[in-house]
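Here is the structure we will look at, set down as C-alpha cells.
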Amino acid sequence: MVNQADLVIICVSVGVALGVLIACLIYFGIRWYKKRSHLGRSANEPSLTTLPIRTNGLGTSIDFSASLTSSIATSRSPNPQKSLHSTWWNHQNTDGFASTSGILKYSYKEIQKATHDFTNTLGQGSFGTVYKATMPTGEVVAVKVLAPNSKQGEKEFQTEVLLLGRLHHRNLVNLLGYCIDKGQHMLVYQFMSNGSLENLLYDEEKKLSWGERLQIAVDISHGIEYLHEGAVPPVVHRDLKSANILLDQSMRAKVSDFGLSKEEIFDGRNSSLKGTYGYMDPAYISSSNFTMKSDIYSFGIIIFELITAIHPHQNLMEYINLAAMDYDGVDGILDKQLVGKCDLEEVRQLAKIAHKCLHKSPKKRPSIGEVSQGILRINQRRLMKEDTMSFASDNISRTVSQIEDQQVELSKITTMNHGEMG
Ligand SMILES: Nc1ncnc2c1ncn2[C@@H]1O[C@H](COP(=O)(O)OP(=O)(O)OP(=O)(O)O)[C@@H](O)[C@H]1O
C-alpha cells in the first residue's frame with residue numbers, strides 16, 4: 001500500500017522530472033531556433049564577393065556578385081510592361097540575392113524618344129557622343145552613347161556600369177541607367193546644366209567668383225575622397241581634369257568619367273599610359289605605376305587651374321614653378337578676373353596645398369583626406385568672414401536707416417514748430 005506521504009513524494013518527483021523535461025525542451029527548442037535563424041541570416045549576409053560601400057557615412061552593402069550579365073538576365077521580366085523599367089534594386093536573382101544598385105534599364109526606343117532621335121548633342125568625348133534627353137517622367141538626363149567603332153568601348157561600358165552601379169555620392173556624376181539594345185550601349189547620367197569646369201574657366205564670358213572656385217575645390221575633394229577612402233575597394237580615377245568636373249544648376253561640382261578605361265597614350269617612351277597630358281603624374285610616366293597619389297597630382301593641377309585660369313596645355317607648370325619660388329609668388333599668376341576680388345591670403349593657402357599635391361615624390365604628397373580638410377578650413381574661414389562682414393554691414397545699414405528715420409522725424413517736428421510759431 002502506498003501511503004499518502006509516498007504519494008506526495010512520487011507526485012513531486014514526477015512534477016520535478018516533467019518540469020526539467022519541459023525546461024530542457026524549451027532550452028533545446030530555443031537553441032535550435034536560434035541556430036536555424038542564424039543560418040538563414042548568414043545566407044543573406046554579404047559573402048566574400050559582396051562589396052560594402054560606405055555612402056555618406058551610412059553603411060550599406062552592395063552585391064558585387066550581381067555581374068552585368070546576371071543583372072541584365074534578372075531584370076528581364078516575362079511581363080514586358082515590367083521589363084521596361086526593371087531595376088536591379090527591385091529584382092531578386094535566382095540565388096535570392098537582391099541587387100542594390102538601383103540602376104534603371106532602358107530600351108533603345110525609350111532613349112531614342114527621350115533624345116528626340118539623338119539630335120540634342122551636349123558634346124563629344126573619347127567614349128562617344130553625349131546627348132541631352134528628357135525622360136517620360138520629365139527628368140532631364142545626359143545619355144552617353146558608346147561609339148560603335150571604339151576599340152575599348154565594350155570594356156569601358158562594362159567597367160562603368162559595374163562600377164557606377166555601386167558608387168553614389170553627391171559629388172560624383174551618378175549613373176541613373178543604361179541601355180543595351182539593338183547592338184547599342186548607352187549610359188544615362190544626371191544632367192549637369194552648367195557644363196564642365198573647363199568650359200567655365202576658359203570661356204571669357206563666364207565668370208567664376210573666388211567663393212565659387214573655393215567651393216568647387218571643396219566639392220571635387222569630397223568626390224575624390226569618396227572614391228579613395230569611402231568606396232570598398234577604393235577607386236582610382238586615373239583621368240582627373242577640369243573637363244571631367246561637371247557643375248549642376250547650383251554650381252556644385254561633381255567628378256565624372258571615373259571607372260572609364262581610357263585609350264592608351266603613346267608618348268614615345270611608354271606605350272601603356274592612360275590619362276591626359278598636362279594632368280599626368282610625372283612619377284607615373286616614368287614608372288607606369290598609377291596610384292591614388294597620381295590622382296592627387298592631377299587634383300593639384302586642377303587647383304592651380306582654379307587659381308590661375310591657365311590651362312595645363314599652356315605651360316601652366318612653368319608658371320607654377322615660378323610662383324613656387326616665393327610665398328606670395330602665386331599673386332603674380334592669379335587669374336585677372338580675381339585681382340582685387342579675393343583675399344590673397346586664402347589664395348596663398350590654397351596654392352600651398354596644391355604645391356604639396358604636386359610633390360615630385362608621390363609618397364610625400366598628402367592624402368585626399370588631408371587635402372580636403374585643408375581646403376575646407378580655408379572655405380569655412382572665408383564663409384565666416386563673409387557672415388561677419390554681412391552682419392556688420394547689416395548693422396551699419398540698420399543704424400544708417402535709423403539715423404535717417406530720426407532725421408525725418410526731427411525735420412517734421414521742426415516744420416511743425418515753425419508752423420506753430422508762425
Ligand atoms: N552628365 C552630363 N551633363 C551635361 N553635360 C555632360 C554630361 N556628361 C558629359 N557632358 C558633356 O559632354 C561632353 C563630352 O563629355 P565626355 O565625358 O564624353 O568627354 P570628355 O570628358 O569631355 O572627354 P574625354 O572622354 O576624352 O575625357 C563634355 O563637353 C561635357 O561637358
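Counting begins at 1 with the first residue of the sequence. Every value quoted in this text rests on a predicted model; they were computed, and no experiment measured them. Remember, it's 1-based here, ligands and their atoms both numbered in the order they're listed.
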Within reach of ligand 1, part of [X] (heavy-atom separation under 4.0 Å):
{"X": "Lys144", "value": "side chain"}
{"X": "Leu246", "value": "side chain"}
{"X": "Gln124", "value": "backbone"}

Taking the basic N atoms (NZ, or NE/NH1/NH2) and the acidic carboxylate oxygens, is any pair closer than 4.0 Å for Lys144 and Asp257?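 Looking at Asp257 together with Lys144, the answer is yes, because their closest N to O distance falls below 4.0 Å.
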
N or O contact, Val173 vs ligand 1, cut-off under 3.5 Å: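 Among all N and O atoms of Val173, none is under 3.5 Å from an N or O of ligand 1.
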
May I ask you to check if ligand 1 and Asn244 share an N or O to N or O distance below 3.5 Å?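 Asn244 vs ligand 1: N/O contact under 3.5 Å present.
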
Do the side chain of Gln373 and the main chain of Glu370 share a donor and acceptor less than 3.5 angstrom apart?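 Side chain of Gln373 to backbone of Glu370: no pair is present.
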
Stepwise side chain to side chain contact (heavy atoms under 4.5 Å, CB included) check, Tyr178 with Lys105: CA-CA 5 Å; Tyr178 70 102; Lys105 188 186 178 201; 3.5 Å; yes

Could you label the plane-to-plane angle of the Tyr108 and Phe118 rings as parallel, tilted or perpendicular, counting under 30° as parallel and over 60° as perpendicular?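 Ring orientation of Tyr108 relative to Phe118: tilted.
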
Assign the ring pair Tyr279 / His313 to parallel, tilted or perpendicular, where the plane angle (0 to 90°) is split at 30° and 60°.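 Ring orientation, 0 to 90° scale: perpendicular.
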
Atoms of ligand 1 less than 4.0 Å from [X] heavy atoms?
{"X": "Phe191", "value": "3 (N), 4 (C)"}
{"X": "Gly123", "value": "12 (O), 13 (C), 14 (C)"}
{"X": "Lys241", "value": "24 (P), 26 (O), 27 (O)"}
{"X": "Leu122", "value": "4 (C), 5 (N)"}
{"X": "Asp257", "value": "17 (O), 21 (O), 25 (O), 27 (O)"}
{"X": "Ser126", "value": "24 (P), 25 (O), 26 (O)"}

Will you find, in the side chains of Gln314 and Tyr319, an N or O donor that is under 3.5 Å from an N or O acceptor?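 Short answer, no.
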
For the atom pair CG (Asp328) and CD (Glu345), what is the distance rounded to the nearest 0.5 Å?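 The CG atom of Asp328 sits 9.5 Å away from the CD atom of Glu345.
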
Arg348, Lys385, Gln349, Arg382 screened by side chain to side chain donor-acceptor pair (under 3.5 Å) with Asp343, the one that passes: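 It is Lys385; the other options fail the test.
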
